Each structure stands twice: as C-alpha cells, then as structure tokens.
There are 2 protein chains.
Amino acid sequence: MRHARLPAPEEIALEDVFHALSDPFRLDVVRRLAAEGEASCQALEGDRPKSSVSHHFRVLREAGLIRTRNEGVTRMNALRRDDIERRFPGLLACILTAKED
Amino acid sequence: MRHARLPAPEEIALEDVFHALSDPFRLDVVRRLAAEGEASCQALEGDRPKSSVSHHFRVLREAGLIRTRNEGVTRMNALRRDDIERRFPGLLACILTAKED
DNA sequence: TCGATAGTTCGATATTTTTCGAACTTTGGC
DNA sequence: GCCAAAGTTCGAAAAATATCGAACTATCGA
C-alpha cells in the first residue's frame with residue numbers, strides 16, 4: 001500500500017489547514033481524534049460510504065493534521081498535535097475550546 | 001445601497017471562518033487589516049478586477065470576519081477583532097503569529 | 001445636474017470539491 | 001492459498017466556488 005505523503009511539520013500551510021477544517025465532517029473528526037486519541041476510519045465514519053470517508057481522511061492527512069499508521073488490517077489515525085502546535089501555536093486549543101452555541 | 005448582512009457575534013461559525021480563511025487572498029486581507037486597522041477594498045486589491053475583490057470581501061463579511069462602513073465614496077473595512085476574539089479566543093493571534101517560512 | 005470614483009450585483013464560464021460505486025490492495029486468520 | 005475486513009484508488013457526475021466583464025448604485029464635488 002503506497003503511503004500517502006504527509007507534509008513535514010514546517011511544510012504545513014495555514015491555508016490547507018483552514019480548508020481541511022472548513023468541512024463539518026472533517027472538523028468533527030479532528031475534534032473526536034483530539035478527544036479519543038486514536039481511531040480507525042470506520043470508527044469515525046458517519047454513515048458515509050468508505051470512499052467518501054477515505055477522501056476526507058486524505059484531505060486531513062495532506063493538510064498535515066493527522067497521521068495514519070497501519071495496525072493489522074485497520075489504519076489508525078491520530079492528530080499531529082505536537083507538529084500542529086509547533087507550527088501554529090494555539091490553533092488546536094482554539095478549535096477545541098470553541099463553543100458552538 | 002443594501003447593506004450586506006453580517007452575522008451577529010454568536011452566529012459566527014467556525015466552519016465559515018475557516019472557509020473564508022482558506023483562500024490566500026482573503027487570508028492576506030485579514031492579516032493586512034489586522035496590521036493596518038482599516039482599509040478600503042481598493043487599497044487591498046491585488047490587481048484583480050473589482051468584482052473579484054468585492055466577492056472576496058463579501059465572503060469575509062458573511063463569515064463574520066470583517067465589518068464594512070461607508071466613508072464618503074469608499075467603503076472602509078475593518079476586522080471584527082473583539083467579536084472574533086470573544087467567540088473563538090486565540091484564533092486571531094494564531095493567524096497573525098503564524099510564521100509562513 | 002453631470003461626472004467621476006468606489007463598490008456591488010448579475011450572469012456566464014471555468015475550476016475545484018464532493019460524492020459514491022466499483023475494482024483493487026493489504027493484512028490477518030483459517 | 002483463500003477468504004474476509006478495512007481502506008484506497010479510479011472515474012464519472014453533481015455541487016460549490018472562483019473569475020471576470022458589463023451594467024448598476026451611491027456618494028462626493030464642481
């Protein structure tokens with residue numbers, strides 16, 4: 001399985017991060033990963049077909065927000081907390097503490 | 001001139017803010033407004049036709065990031081710093097301090 | 001009242017994203 | 001080796017955005 005490229009910490013671009021987070025599903029995934037640590041794609045899919053879920057995880061991965069590792073037959077996704085924090089201090093906190101209503 | 005609706009502070013949605021900021025031109029406008037205080041659309045346009053510039057300002061306005069007031073024949077745009085800060089603490093700081101290489 | 005200036009709105013086209021099924025890949029278990 | 005599970009990739013179609021010219025609007029000044 002060819003590994004999806006994930007940007008080096010210093011390559012993470014704010015525009016890409018913002019674009020990735022501008023989708024409600026993806027924003028939710030980020031929040032749940034922050035809360036739950038790691039999760040398989042399946043655990044976070046919300047009724048969508050696999051190909052859609054896969055697409056959204058790819059956007060998050062290419063934006064530099066998550067990292068994916070193989071664990072047996074599943075792929076575990078985790079937030080790149082430290083990398084994000086180092087590149088854009090405060091961003092994550094801001095996303096996670098934002099009270100939506 | 002019908003006034004563009006701008007969302008009340010508590011209506012500002014993180015998704016919309018992120019979408020607005022995912023465009024390089026708009027992100028730049030926000031940064032420059034933060035640095036310069038207020039500016040006319042013209043002052044910030046980068047060679048684009050007026051209709052494009054106007055479109056981007058509208059996206060920023062509707063996302064709740066800027067406020068526009070008439071000053072004579074021009075329209076002055078300003079960041080809604082306090083509203084943004086109150087709704088999403090730290091977001092603005094995070095955008096402005098992000099060192100893009 | 002006429003111009004000029006600064007934007008806005010409209011409409012059409014182009015570009016980008018999203019969505020989803022089908023086929024494919026990888027890994028683990030039997 | 002074969003099968004199932006979990007994703008990925010591909011391709012096509014739908015939806016959302018962006019771009020830009022042209023026409024329109026509002027305000028100021030002469």
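None of the values given here were measured: they were computed from a predicted structure. Proteins come first, then strands; the chains are lettered A, B, ... in the order of their sequence lines, and each starts at number 1.
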| request: Using only side-chain N and O atoms of A/R75, determine if any of them is under 4.0 Å from OP1 or OP2 of C/dT25. | output: no
| task | Could you tell me whether the side chain of B/R26 and the main chain of B/H19 form a donor-acceptor pair under 3.5 Å? | result | yes
| task | Side-chain contact test, heavy atoms from C-beta onward, threshold under 4.5 Å: evaluate it for B/R75 versus B/S40 and give yes or no. | result | no
| remark: Whole-Å distance, A/E71 CD to D/dG7 C1', equals 15 Å
| note | Given protein heavy atoms under 4.0 Å, the one-letter contact record of nucleotides 18-23 of chain D, with B base, S sugar-phosphate only and - none, is simply SBBBB-
| task | Quickly work out the A/F25 CZ to C/dC20 P distance and round it to whole Å. | result | 11 Å
| note | Sorted by chain and residue number, the side chain to side chain contact (heavy atoms under 4.5 Å, CB included) partners of B/N77 (sequence neighbours excluded) come out as B/L33, B/C41, B/F57, B/R61, B/I66, B/T68
| Do the charged groups of B/R86 and B/D83 touch, with an N to O distance under 4.0 Å? | yes
| said: Rounded to whole Å, please give me the gap between CZ in A/F57 and C1' in D/dT9. | reply: 17 Å
| query | So, is A/R58 close to the D/dT8 phosphate, meaning a side-chain N or O under 4.0 Å from OP1 or OP2? | reply | no
| message | With rounding to the nearest 0.5 angstrom, report the CZ to SG distance, B/R87 to A/C94. | response | 11.0 Å
| said: For the CD atom of B/E15 and the CG atom of A/D23, what is their distance to the nearest 0.5 Å? | reply: 8.0 Å
| With a 4.5 Å limit on heavy-atom distance, are the side chains of A/E45 and A/Q42 in contact? | yes
| query | Among residues 37-45 of chain A, which contact DNA chain D at a heavy-atom distance under 4.0 Å? | reply | A/S40, A/C41, A/Q42
| To the nearest angstrom, how far is A/E62 atom CD from D/dT8 atom P? | 11 Å
| Whole-Å distance between D/dT17 P and A/E15 CD? | 18 Å
| Between C/dG21 (P) and A/D47 (CG): distance, integer Å | 12 Å
| Is the backbone N or O of B/S54 less than 3.5 Å from a side-chain atom of B/R48, with the two atoms forming a donor-acceptor pair by type? | no
| task | Look at all strands and tell whether B/T74 reaches a base, only sugar-phosphate, or nothing, counting heavy atoms closer than 4.0 Å. | result | sugar-phosphate
| message | Are B/R81 and B/L92 packed together at the side-chain level, in the sense that at least one heavy-atom pair is separated by less than 4.5 angstrom? | response | yes
